[in-house]
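Notes follow the structure.
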Amino acid sequence: MTSAFSSVTSAQQAWPLERPIHLIVPFPAGSSPDLLARLLATPLSKALNQNIIVENKPGAGGNIGTRLAARAAPDGYTLLYTINGPLVTAATLYKKTLGYDPFKDLAPVTLVATSPNVLIVNAAFPASTLSEFVSYVKTIPGKANYGSVGPGSASHLAMELFKHRAELELTHIPYPGFPQVTTAIIGQDIQAAFMVPAIAMAQVKSGKVKALAITSLTEVAALPGLKPVANQGFAGFEAISWNAILAPSGTPNAITARLQKELSSIIQSDEIKEKFAAQYFTAVGSSPQELTRLMQQETARWDEVIARLKLSLD
């Protein structure tokens with residue numbers, strides 16, 4: 001009883017005004033980050049005894065909503081739920097037009113969850129393992145294509161990183177979205193793609209495509225039987241997707257600390273772990289410092305790829 005009373009009192013001190021906390025998701029309603037954010041919003045609202053409104057602000061690959069959050073008042077009433085792109089590649093891809101600095105304008109709260117990409121090929125493709133894929137593509141230099149959801153996207157950069165490591169010649173064919181990439185693979189217009197598991201595995205189960213590898217460093221329980229690229233001859237290869245919660249820079253430490261504490265507990269609950277696993281995500285719940293280190297490591301990794309491609313989206 002005393003503990004519950006103290007918890008409510010602490011929340012009231014951190015959020016003294018009777019107005020809701022806005023959790024900005026810079027992607028459309030129904031998207032993966034939106035679904036995961038809403039899974040956390042209800043238990044977080046109960047833990048803080050505060051109303052939480054999930055607010056979708058899509059556009060520019062997540063940059064518009066992220067910019068809004070970065071420029072919001074640092075009073076604890078605006079939070080950001082986003083994926084890695086706006087935090088680690090956007091600043092390099094949009095040097096002139098981004099309008100925020102992920103490291104200076106946002107305060108990390110916690111890494112929520114991670115998910116690998118899946119390398120898929122057509123069901124009739126003459127390779128059933130990653131080594132067979134690499135060997136076959138090398139017999140047809142310059143004749144194999146791969147798809148992505150656009151320049152600078154995770155699916156594009158992941159394949160470019162793999163191409164470099166495996167010394168492959170693959171031509172990039174961009175598409176508006178993963179449904180079009182899937183259609184192109186099934187129709188054999190392209191030979192391969194790195195794809196989010198939620199879409200990739202539906203096609204694998206249908207028998208229309210084959211999955212050859214995942215891009216996390218270790219195996220993922222929700223993707224049994226799929227070995228990491230890193231365990232198939234390319235040590236250290238990693239190209240994961242991840243979700244995180246941040247606040248505007250300058251948000252009081254007492255607020256970010258309280259948020260991290262409550263979120264970590266929620267994210268590590270069996271209920272949330274199961275719900276995240278159904279979306280092929282592994283629940284994490286990190287410290288702000290751990291999220292900062294991840295952002296730094298990922299920025300360095302992808303800056304190197306972007307520089308090699310001489311890629312700019314301004």
Side-chain angles (χ1 to χ4, degrees), residues 61 84-85 88-89 92-94 116-197 199-204 206-217 226-241 298 300-314:
N84 41 308
V88 301
T89 59
T92 304
L93 293 170
Y94 300 90
N117 290 290
V118 181
L119 176 62
I120 63 170
V121 296
N122 180 274
F125 191 80
S128 296
T129 66
L130 186 63
S131 62
E132 290 174 355
F133 172 79
V134 171
S135 296
Y136 180 76
V137 171
K138 287 185 176 181
T139 67
I140 52 170
K143 295 182 180 180
N145 303 322
Y146 78 91
S148 84
V149 294
S153 65
S155 54
H156 174 216
L157 298 180
M159 186 63 85
E160 288 298 328
L161 179 61
F162 182 66
K163 277 174 56 180
H164 182 70
R165 286 288 306 273
E167 300 180 336
L168 296 179
E169 292 184 39
L170 285 162
T171 301
H172 177 217
I173 308 294
Y175 292 89
F178 280 123
Q180 293 87 347
V181 176
T182 303
T183 299
I185 287 184
I186 293 172
Q188 301 188 53
D189 296 322
I190 58 176
Q191 281 63 56
F194 278 114
M195 191 173 289
V196 295
I199 297 176
M201 297 315 294
Q203 298 302 323
V204 171
S206 75
K208 295 178 180 178
V209 304
K210 293 186 288 190
L212 304 184
I214 56 176
T215 59
S216 51
L217 288 176
L226 287 182
K227 295 181 180 180
V229 173
N231 292 354
Q232 299 189 64
F234 301 92
F237 184 92
E238 185 178 30
I240 59 172
S241 299
E298 290 271 283
R301 184 199 314 274
W302 299 117
D303 273 1
E304 183 178 340
V305 177
I306 293 167
R308 187 163 57 245
L309 296 174
K310 297 181 173 61
L311 183 60
S312 173
L313 300 182
D314 279 321

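Keep in mind that what you see is a predicted model, and the values were worked out from it rather than measured.
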So, Lys227 side chain and Gln232 main chain: donor-acceptor pair closer than 3.5 Å or not? no

Phe162 side, atom CZ; Phe237 side, atom CZ - distance, nearest 0.5 Å: 6.5 Å

Please report the closest heavy-atom contact between Leu157 and Gly152, naming both atoms and the distance. CD1-O, 3.7 Å

Atom OG of Ser148 and atom CD of Gln180: how far apart are they, to the nearest 0.5 Å? 11.5 Å

List the residues meeting side chain to side chain contact (heavy atoms under 4.5 Å, CB included) with Ala127, not counting sequence neighbours, and say none if there are none. Phe125, Glu132, Phe133

Would you find a donor on one side and an acceptor on the other, under 3.5 Å apart, between the side chain of Glu160 and the backbone of Val305? no

Do the side chains of Asn145 and Asp189 get nearer than 4.5 Å, heavy atoms only? no

Side chain to side chain contact (heavy atoms under 4.5 Å, CB included) assessment of Thr183 paired with Tyr175: CA-CA 10 Å; Thr183 299; Tyr175 292 89; over 6 Å; no

Do other residues, nucleotides or ligands put more than 12 heavy atoms under 6.0 Å from the NZ atom of Lys138? yes

Taking side chain to side chain contact (heavy atoms under 4.5 Å, CB included) as the definition, give me every residue that meets it alongside Glu304, ordered by chain and number, with sequence neighbours left out. Arg308

Where do Val204 and Ala211 come nearest, in terms of heavy atoms and distance? CG2-CB, 3.8 Å

Just how far is it from atom OH of Tyr136 to atom CD1 of Ile140, taken to the nearest 0.5 Å? 4.0 Å

Could you grab the distance from atom CD of Glu238 to atom CG of Asn117, nearest 0.5 Å is fine? 10.5 Å

Kindly give the heavy-atom pair with the smallest separation between Ala193 and Val181, and that separation in Å. CB-CG1, 3.7 Å

Does the side chain of Gln203 reach to within under 4.5 Å of the side chain of Val118, using non-hydrogen atoms? no

Nearest heavy-atom pair of Ala158 and Ala239: which atoms, and what distance? CB-CB, 3.8 Å

Determine, stepwise, if the pair Thr92 / Trp302 fulfils side chain to side chain contact (heavy atoms under 4.5 Å, CB included). CA-CA 9 Å; Thr92 304; Trp302 299 117; over 6 Å; no

Are any of the side-chain heavy atoms of Val229 and Arg165 separated by less than 4.5 Å? no

Restricting to side chain to side chain contact (heavy atoms under 4.5 Å, CB included), what partner residues turn up for Ser135, sequence neighbours left out? none

Could you grab the distance from atom OH of Tyr146 to atom CG of Leu168, nearest 0.5 Å is fine? 11.0 Å

Determine the minimum heavy-atom distance between Gln188 and Ala124, stating which atoms define it. NE2-CB, 4.5 Å

Pro174 versus His156: any side-chain heavy-atom pair under 4.5 Å? no

Give a yes or no on whether Lys208 atom NZ has more than 12 heavy-atom contacts from other residues, nucleotides or ligands under 6.0 Å away. no

Sub-3.5 Å donor-acceptor pair from the side chain of Asn122 to the main-chain atoms of Ile186, do we have one? yes

Does Ser216 use its side chain to pair, donor to acceptor, with the backbone of Pro116 at less than 3.5 Å? no

Nearest 0.5 Å please: distance from the CG atom of Leu119 over to the CG atom of Leu212. 5.0 Å

Can you name the nearest heavy-atom pair linking Ala192 to Val121, along with the distance? CB-CG1, 4.0 Å

